Amino acid sequence: MELRVIDKTDEELRLEIAGEDHTFMNVIKGALLETSGVAAATYDVNPEQSGGQTDPILSVKTEPGTDPLDALADASRRVQDLSTNFTSAFEAAL
Amino acid sequence: MAEDFEVEFIEREDRKARFLVRGMTPAVANGIRRAMVADVPTFSVDTVRFVENSSVMFDEMIGLRLGLVPLTTPLDDFEEGDVVTLALDVEGPATAYSGDIESSDELVQPAELNVPIIELKEGQRLQLEADAVLGSGKAHAKHQGGVAVGYRHLHRVEVVGDANEFEEQEPNILRGVIEEAAAEHAADESAEDGALVPTSEFDNDLTKRYPGKDVEVHDVPGAFVFHVETDGSFTVEELVRRAVESISDRAAELEEKVAI
């Protein structure tokens, strides 16, 4: 996972996340949308065959007062918590 | 995102399981499914050195077949990129089976012993040495640990009225698992509201479950029935656990990198 910031303002972030695909991007996007202070979040990937930009680009817009990088860190935290919760629920069901 | 999950097994064997997860978003369900298929690594033959191949097939074709033999993969003991050497030596007349493969590591063995590799006639011989590499399904489908991994919504069937009694009822096919919500109309006497019933119990035909009734099928929001089957490299539990872990690891990496 290699990050490259394309655009960064107080309330907007465009970030290239090299080496990831829909598997992770859709999960993190989902988590971002549920994070407080996030106004909009999406990602875009081009298929392998298209040539050119094929690494996903994550775009986040936040409400005033929230730094998009902080929101992204929160969302990552959220995904980890969720994984822990799922694993323990799964193990309890075994 | 609902933070509390509820998991319930409907069917559970070593290599095949069905379980219900409640409180999940489609994004997470699909993330786990994709991770199970493409991100959990398994051992698979990658390089073959032929000592003798007097069989009727080219080396490349034998190599391809060897790649598709599932090998047991204890993920605690290996890292991605690790190599284990295997050997095969069979002389005709005989069929070379995956069970004839000898491994240099006790932990990495053919998961299935009766996969035919090639039939050898009198005087033919296959002798080779192969390197199995731990790689992920993203690189090559032979490394996929999960085969037939998918999910469906949990269904809830509502009885909305009686069917036309002068007309023969058409079959109403539904596949998956239903959450019983109209036990009083069910053909099965022991039906109980809230019970999980695989549709295969009534031939996937709702008219057999609720004879003479008109029904509507709804998806239960946030409830997914996963069907997971592995190729024998590891158990279903291991596969699910590793898939979730791989997503979690990536989130941790992202959090760390964002902080800098």
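Computed from a prediction, not measured in an experiment: that's the story for all the values here. In what follows, chains are A, B, ... by sequence order, proteins preceding strands, each numbered from 1.
- B:Asp193 places a side-chain N or O within donor-acceptor distance of the main-chain N or O of B:Ala183, the cut-off being under 3.5 Å.
- In terms of non-hydrogen atom pairs under 4.5 Å with chain B, the most contact-rich of A:Val79, A:Asp21, A:Thr84 is A:Asp21.
- For residues 244-256 of chain B, the interface with chain A (any heavy-atom pair closer than 4.5 Å) comprises B:Val244, B:Ile247, B:Ser248, B:Arg250, B:Ala251, B:Ala252, B:Glu253, B:Leu254, B:Glu255, sorted by residue number.
- Using a 4.5 Å cut-off on side-chain heavy atoms (C-beta onward), A:Val5 and A:Leu13 make contact.
- Counting non-hydrogen atoms of neighbouring residues, nucleotides and ligands closer than 6.0 angstrom, the NZ atom of A:Lys61 reaches no more than 12 such neighbours.
- Within 6.0 Å of the CG atom in A:Asp70, the count of heavy atoms belonging to other residues, nucleotides or ligands exceeds 12.
- Residue B:Val240 touches chain A through its side chain alone, counting heavy-atom pairs closer than 4.5 Å.
- Using a 4.5 Å cut-off between heavy atoms, A:Leu33 makes no contact with chain B at all.
- Between chain B and the residues A:Leu3, A:Thr87, A:Leu94, A:Leu72, the largest count of heavy-atom pairs under 4.5 Å involves A:Leu94.
- A distance below 6.0 Å separates the ring centres of A:Tyr43 and A:His22.
- Counted within 6.0 Å of CE on B:Met61, heavy atoms from surrounding residues, nucleotides or ligands total 12 or fewer; the atom is thus considered open.
- Other residues, nucleotides and ligands place no more than 12 heavy atoms under 6.0 Å from the CD atom of B:Glu79.
- Between B:Phe19 and B:Tyr151, a ring centre-to-centre spacing not shorter than 6.0 Å is recorded.
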